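See structure below.
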Amino acid sequence: MAKRTYITTPIYYVNSVPHVGHALTMLACDVTKRFARQRGEEVVFLTGTDENGLKVLEAAQAAGEDPQAFVDRISQTFRHAADLLHIEYDVFFRTTSDEHRKCVQALFARLMEKGAIYLDKYEGWYDVAAETFVRESDLVDGRSPDGNEVRWVSEENYFFRLSAYGDQLLAYAEANPSFWLPDGRKAEVVSFIKQGLRDLCVTRSNPGWGIPVPGDESKVVYVWFDALINYLAATGWPDAGWEDLWPADVHWMAKEIFTRFHATLWPAMLMAAELPLPKTVIAHGWFTFNDSKMSKSKGNVLAPEELIAHFEEAGCERELAIDVVRFALARALPYEGDTNFTLPEVERIYNADLANDLGNALNRTLTMAHKFVDGAIPEAEVEPEVAQRIAEIKAEVEQAFATFRIHQALDAALQAARELNRYVDAKKPWDLAKNTDPALGSVVRGMLAYVRAAEGLVRAFVPATADRMAAQLNLPPTLAWAEIGTAASLPAGVVVGQPQPMFPRLQPKPAEPKPAPEPKPEKPKKAKFEPPAEIGIEDFMNVQLKVARILEAEPVEGSEKLLKLQVMIGEEKRQILAGIRKSYAPMDLIGRQIVVVANLKPAKLMGHESQGMILAADGPDGRAILLTPETEAPEGTSVH
RNA sequence: GGCAGCGUAGCUCAGUUGGUUAGAGCAAACGGUUCAUACCCGUUAGGUCGACGGUUCGAGUCCGUCCGCUGCUACCA
């Protein structure tokens, strides 16, 4: 069997409910699929739910439900969220399936065989809520950086040798420019990898939920490690036939799970297993609502079902209201950055693009066809300029799709409607009709050609709309991309249908009093440190400066800047870390007298405790210049 | 603190390797048109292209410094 095109969304973690962000990724994937299919590819589109985490078990227990019943229920809500927007997935995959369990265990065993997974002892802090390990130095007031509770664990676990794949990943990406997209994200991954990858603990002790490690029932596979494997599991691997689908052509996702997991961990796992890598891993940005926060009371709800209802109320058929939401999502889809997604913005897109451009273009074209040529598609040929413009627009759409710029592809597709308007204005068919000008047939055909092209070009984004357009033209849907712009797609003599407006224009609202600008949520922004112009002597006296002598100095392993110093302050011995490695060799420091801040709160750096701070001047080029008493002073002497 | 990105019209954003007069959509004003969903077409207005300096015959574009925003990341001066 020939290789099929395989595209995926992430599988969604079932401890939350679907929202517009999920809709965005699913739509990106859906449009990608429909376009590929139009181009003649056989496509399989995978989505699903991630159901194995410890948090899932806890959420089920909190809800007083059996875990399996719980995940069955939540998984359904994601399926419905996809169905709601006519997301045409082929496989809705669940990580509690036997198929998945089998594949995860097989891959795990294979990675062990190849030495990419090894057993080691982990001792340290564990963030229960995030299901991740936390370094001592990252703790903030005894909590994880995210503010979650941590607990000390000491257990044997399996580790994936992620550290071994950094260079290979970089080399692969270098050779395959569309492996990581978009470019901005690629740069992020490169810098993430260049700073060094660490091996990843990929098991947890078995809580009675999850996929047991083959040969060691006391452990389950870490939820992220398990989840990523779904892409492979859905192909049937390791059973025969998986090559029909694997490698994936596109993994779509939102940006937050791109760098660490999909762009790095997953391809490294595949390399370790000696399996082919996906062609493209691509992340989109987020929607923000900072202009007017989403809330029901403000009437600017942006949940997909609410938006659909909003446009149904405005007079759209339900199928078309769904397309309105698809259209708005695609039009605003954040490629490199994040974009604002607000109701006024969606309404603007609706009126300008759907009502005024696309809907009206079809409407006026059909009306004129009936008025001027009895509704029959004329035999005359379209003018070469028209055919030329359509070909150009089509090429623009293709070009945007080549790098998955969904929003640009849609904008390009709309050019067909915009071009039609200019064409009509230039040709003035009503004048031609009045004068019985023989050019009339060609002009009407040109208009129909634009509308017919638009129908094919927007089909991947708004399939129901495209169907309505085809139906009103009384022509079959343009299922094949190659047909777009051809003479054959517009058979002469067919009598087109009567226009039926699809997207009634929204009436501009009576000018609302400007909503008071919302008080900006206070950012926990760290104020830049600016010393006050003057301080009192009492402030200065709070700082205890003392003369000390360096007894030992050694570099901190793994650090570029830090030296670990043992110093004597009077009778007291202290360990102090100092970022002066670039300026001083350890040997040159031993025996020297320096000045230290003796009452600084201790801190952990790179896992070592620092009980104070040494004084040094900021020299040129960022070099440090140590302060030393001019003559030897008794150690422990106060400095004022 | 480091690295990366961004800063262009009232708003959302394009601007290839430096090259005439910096563009599009929306909003605005004016004009035109009548096939159409008060639509469409055109014109106009609106920009020290974040600031300053530099390279160049020529800079939105390249270099430096600074300011502001965003992301990633971090190691006590």
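Lettering of chains follows the sequences in order, A, B, ..., and the numbering in each one begins at 1. Since this is a predicted model, take the numbers as computed values, not measurements.
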Rounded distance in Å - CE (M368(A)) to P (C40(B))
13 Å
Are any protein N/O atoms closer than 3.5 Å to N/O atoms in nucleotides 8-10 of chain B? If there are, list each pair with its distance.
none

Would you measure the distance from the C1' atom in C62(B) across to the matching atom in A45(B) and give it in whole Å?
33 Å
What is the ring orientation for W224(A) with F261(A), classed by angle as parallel under 30°, tilted 30 to 60°, or perpendicular over 60°?
parallel
How far, in whole Å, is U12(B) from U8(B) if one measures between their P atoms?
9 Å
Electrostatic pair K186(A)-E188(A), nearest N-O below 4.0 angstrom
no
Given C35(B), C39(B), G71(B), the nucleotide with the shortest approach to the side chain of R505(A)
C39(B)
Calculate the interatomic distance between D353(A) atom CG and A24(B) atom P; express it in whole Å.
17 Å
So if I take every side-chain heavy atom of E188(A) and compare against C35(B), C72(B), C26(B), which nucleotide ends up nearest?
C72(B)
Taking for R364(A) and for N356(A) the nucleotide of RNA chain B with the nearest heavy atom, the one nearer the 5' end belongs to R364(A)
Can you tell me, in whole Å, how much space there is between the C1' of C26(B) and that of C67(B)?
30 Å
Classify the angle between the aromatic ring planes of Y172(A) and F179(A) as parallel (below 30°), tilted (30 to 60°) or perpendicular (above 60°).
perpendicular
Under the side chain to side chain contact (heavy atoms under 4.5 Å, CB included) test, which residues partner N474(A), sequence neighbours left out?
V494(A)
State which residues pass side chain to side chain contact (heavy atoms under 4.5 Å, CB included) with Q500(A); sequence neighbours excluded, sorted by chain then number.
Q472(A)
Sequence neighbours excluded, every pair satisfying salt bridge (Lys or Arg N to Asp or Glu O under 4.0 Å) that has a member inside residues 311-322 of chain A:
E312(A)-R318(A), E317(A)-R468(A)
Expressed as a whole number of Å, how far does the C1' atom of U61(B) sit from that of G50(B)?
16 Å
D588(A) atom CG, neighbour heavy-atom count above 12 within 6.0 Å
yes
Rounded to whole Å, CG of L589(A) lies from P of C76(B) at a distance of 17 Å
Across the strands shown, which category fits F192(A) at heavy-atom distances under 4.0 angstrom: base, sugar-phosphate, nothing?
nothing
P-based separation of A59(B) from C63(B) [nearest Å]
15 Å
Quote, to the nearest angstrom, the P distance that separates G15(B) from U56(B).
29 Å
To the nearest Å, give me how far apart CG (N351(A)) and P (A36(B)) are.
20 Å
Using a heavy-atom cut-off of 4.0 Å across all strands, would you classify P429(A) as base, sugar-phosphate, or nothing?
nothing
What verdict does the side chain to side chain donor-acceptor pair (under 3.5 Å) test give for R364(A) and N421(A), after you've listed the backbone C-alpha separation in whole Å, the side-chain angles of each residue and the deciding distance to 0.1 Å?
CA-CA 9 Å; R364(A) 67 191 308 204; N421(A) 283 330; 2.5 Å; yes
Rounded to the nearest Å, what distance is computed from the NZ atom of residue K371(A) to the C1' atom of nucleotide A36(B)?
9 Å
Please evaluate residues T628(A) and R592(A) with respect to the criterion side chain to side chain donor-acceptor pair (under 3.5 Å), reporting the C-alpha separation (whole Å), side-chain torsions for both, the decisive distance (0.1 Å), and the verdict.
CA-CA 8 Å; T628(A) 305; R592(A) 275 183 73 159; 3.0 Å; yes
Counting only side-chain heavy atoms from C-beta out, which of U37(B), C26(B), C35(B) sits nearest to A352(A)?
C26(B)
Separation of atom CG in L333(A) from atom P in C13(B), rounded to whole Å:
13 Å
May I have the distance from I349(A) (atom CD1) to C11(B) (atom C1'), rounded to whole angstrom?
13 Å
Give me each pair satisfying ring-ring contact (aromatic ring centres under 6.0 Å, His included) with a member in residues 359-380 of chain A, each pair once, sequence neighbours excluded.
none
Pair E572(A) + K546(A), salt bridge at N-O below 4.0 Å
no
Any side-chain heavy atom of L473(A) within less than 4.5 Å of one from T365(A)?
no
Letter per nucleotide, 5' to 3', of nucleotides 29-34 of chain B [B base touched, S only sugar-phosphate touched, - untouched; heavy atoms, 4.0 Å]
---BSS
The criterion is side-chain hydrogen bond (donor to acceptor under 3.5 Å, both in side chains); which residues satisfy it with Q388(A), sequence neighbours excluded?
E392(A)
Scan residues 402-422 of chain A against RNA chain B and write down, sorted by residue number, each residue with any heavy atom closer than 4.0 Å; if none is found, say none.
N421(A), R422(A)
Output row for RNA chain B, stems defined as at least 3 consecutive Watson-Crick or G-U pairs under 3.5 Å, is B:1-7 with B:67-73, B:10-13 with B:23-26, B:28-32 with B:40-44, B:50-54 with B:62-66
Across all chains, not counting sequence neighbours, the side chain to side chain contact (heavy atoms under 4.5 Å, CB included) partners of A330(A) are L27(A), I406(A), L410(A), F461(A)
When you match T259(A) and R331(A) each to their closest nucleotide on RNA chain B, which lands nearer the 5' end?
R331(A)
Testing C39(B), C26(B), C35(B) for proximity to the side chain of R348(A), the answer is C26(B)
Pairs involving residues 400-412 of chain A, ordered by first then second residue, that meet salt bridge (Lys or Arg N to Asp or Glu O under 4.0 Å) (sequence neighbours left out):
R331(A)-D411(A), D411(A)-R418(A)
Measure from NZ on K255(A) to P on C72(B) and round the result to the nearest Å.
7 Å
Taking only residues two or more places apart in sequence or in another chain, which ones pass ring pair (Phe, Tyr, Trp, His ring centres under 6.0 Å) with Y423(A)?
Y450(A)
Could you give the distance separating U43(B) and G25(B) at their P atoms, to the nearest angstrom?
10 Å
If the P atom of G19(B) is compared with that of C76(B), how far apart are they to the nearest Å?
44 Å
